[in-house]
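Everything on this sheet refers to the single structure shown next.
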Amino acid sequence: MNRRPHIVVIEDDIEIRSLLRDHLAREGFRVDVGDGGASLDRFRATFGEPDLIVLDIMLPGEDGLSICRRLRAGSRVPILLLTARGEDVDRIIGLEMGADDYLPKPFNPRELVARIRAILRRTEAPPLKSRRFLVNATLSVNLDRRNVVDADGTPITLTSAEFELLGCFLARPNRVLSRGQLMDWTRGRQSDPLDRTIDVQVSRLRKKIERDDGLIKTVRNAGYIFTGTVKET
């Protein structure tokens, strides 16, 4: 990226907020920080959509999960969730609501930067050469333009993480792909045996692109396989 990516951090702890603002600024990002949903709404109204939002789940008033749900109703902006809770349920709910990744507290700021850069790489403007696919002659996918259209011509909205996952399947149809492989290809990191990120993303992708044909099948103790007929156009 030639310009400085714009990151908005929404965190109610003033010390963490200041730490992240200073650290991200030193890493070359343009940073705005706020303490809740109202701050985020002001930034978006004033400056437009940021390149990425770092969003704490534990916020007073409107919590981070509610903000995430509200954003996903009309925006594809990448969202990285911060959570202090140890229970997996919060992370899973966040991913189901469309978050692109999560990072549990306490965390190393360097890991946060690495996660941010990985998400931004996935959402950078693609090359001019288009990569278009037709699945089962009913689903049209343009990975570079990041759009999916069903047989009726209705657009299907996917998050950046869901596009990356779909791209992995389209590039390797009828092959069993392990959770570890999918995590490495889409997240740029190794999969923890207890990490259900990929399972949640697959579930969300299925709900959006499948009708009655069962495009993505689970292979017990192995991973997933994309069974659709894929034709590059």
Side-chain angles (χ1 to χ4, degrees), residues 52-55 57 63-83 85 87-104 115 118-123 133 135-136 138-143 145-152 154-173 176-189 191-192 194-220 222-228 230:
L52 183 142
I53 297 171
V54 177
L55 179 63
I57 288 182
D63 63 38
L65 294 178
S66 297
I67 294 173
C68 184
R69 183 193 302 112
R70 177 162 61 84
L71 287 171
R72 278 294 170 258
S75 173
R76 296 182 182 177
V77 59
I79 300 171
L80 192 157
L81 291 177
L82 300 179
T83 174
R85 297 179 182 178
E87 297 180 359
D88 288 340
V89 64
D90 295 312
R91 303 170 191 174
I92 293 170
I93 291 174
L95 293 169
E96 289 177 340
M97 289 180 178
D100 293 86
D101 204 350
Y102 65 84
L103 189 61
R115 297 282 186 93
I119 295 173
L120 292 178
R121 281 196 298 271
R122 298 199 301 266
T123 56
F133 298 87
V135 179
N136 287 358
T138 59
L139 195 70
S140 177
V141 182
N142 188 318
L143 294 179
R145 292 185 179 179
R146 307 186 77 78
N147 62 43
V148 181
V149 179
D150 67 14
D152 299 325
T154 304
I156 300 173
T157 301
L158 301 182
T159 67
S160 60
E162 291 160 0
F163 265 110
E164 290 300 316
L165 185 59
L166 178 58
C168 287
F169 284 128
L170 292 178
R172 306 165 182 86
V176 176
L177 306 178
S178 71
R179 290 170 175 82
Q181 287 175 315
L182 292 171
M183 178 70 81
D184 186 43
W185 291 330
T186 61
R187 304 281 172 179
R189 56 186 169 92
S191 174
D192 185 287
L194 301 179
D195 192 333
R196 293 190 57 196
T197 302
I198 289 298
D199 298 316
V200 173
Q201 296 292 359
V202 169
S203 176
R204 285 177 54 84
L205 185 60
R206 276 173 169 160
K207 291 176 182 177
K208 292 183 178 183
I209 69 171
E210 289 186 348
R211 295 299 177 262
D212 300 317
D213 45 7
L215 288 174
I216 305 173
K217 297 186 181 300
T218 301
V219 181
R220 188 174 181 181
Y224 297 98
I225 185 171
F226 191 84
T227 61
V230 179

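Just so you know, these numbers use all the heavy atoms, side chains as well, and skip hydrogens, waters and symmetry mates.
The two residues T159 and K208 make their nearest non-hydrogen contact at N-NZ, 4.3 Å. G98 and C68 get closest at one heavy-atom pair: C-SG, 4.4 Å. When all heavy atoms are compared, the tightest approach of V54 to L52 is CG2-CD2, 3.7 Å. Taking all atoms of both residues into account, the shortest heavy-atom contact from R146 to R76 is O-NH1, 2.8 Å. Nearest approach of G94 to L65, heavy atoms of both residues: CA-CD2, 3.7 Å. The two residues R115 and L80 have their closest heavy-atom pair at CB-CD1, 3.6 Å.
Using the six-membered ring where Trp is involved, F169 and Y224 have ring planes that are perpendicular, over 60° apart on the 30 and 60° scheme.
Distance check, rounded to the nearest 0.5 Å: OG of S160 to CG of L165 gives 11.5 Å. Annotation: the span from I67 atom CD1 to L55 atom CG amounts to 5.0 Å, rounded to 0.5 Å. In this structure, the separation between NZ on K217 and CD1 on I225 is 9.5 Å, given to the nearest 0.5 Å. Between I57 atom CD1 and L81 atom CG the span is 5.0 Å, to the nearest 0.5 Å. Atom CG of residue L205 and atom SG of residue C168 lie 10.5 Å apart, to the nearest 0.5 angstrom. Of the inter-residue distances, the one linking I216 atom CD1 with I209 atom CD1 reads 4.5 Å to the nearest 0.5 angstrom.
Contact check for F226 versus L177: no side-chain heavy atoms found under the 4.5 Å cut-off. Residues R72 and I79 form a side-chain contact, since some pair of their non-hydrogen atoms from C-beta on lies under 4.5 Å apart. Counting heavy atoms from C-beta on, the side chains of L166 and V148 come closer than 4.5 Å.
A donor-acceptor contact shorter than 3.5 Å links the side chain of T227 to the backbone of G214. Within the 3.5 Å criterion, the main-chain N or O of L215 finds a donor-acceptor partner in the side chain of E210.
For D150, the salt bridge (Lys or Arg N to Asp or Glu O under 4.0 Å) partners two or more places apart in sequence, or in a different chain, are R211. In this structure, the side chain to side chain donor-acceptor pair (under 3.5 Å) partners of R206, at least two apart in sequence or on a different chain, are T218. Considering only residues two or more places apart in sequence or on other chains, R70 meets the salt bridge (Lys or Arg N to Asp or Glu O under 4.0 Å) condition with D41, E62.
For the side-chain contact (heavy atoms from CB on, under 4.5 Å) with L95, the lone residue among D101, D199, V200 that qualifies is V200.
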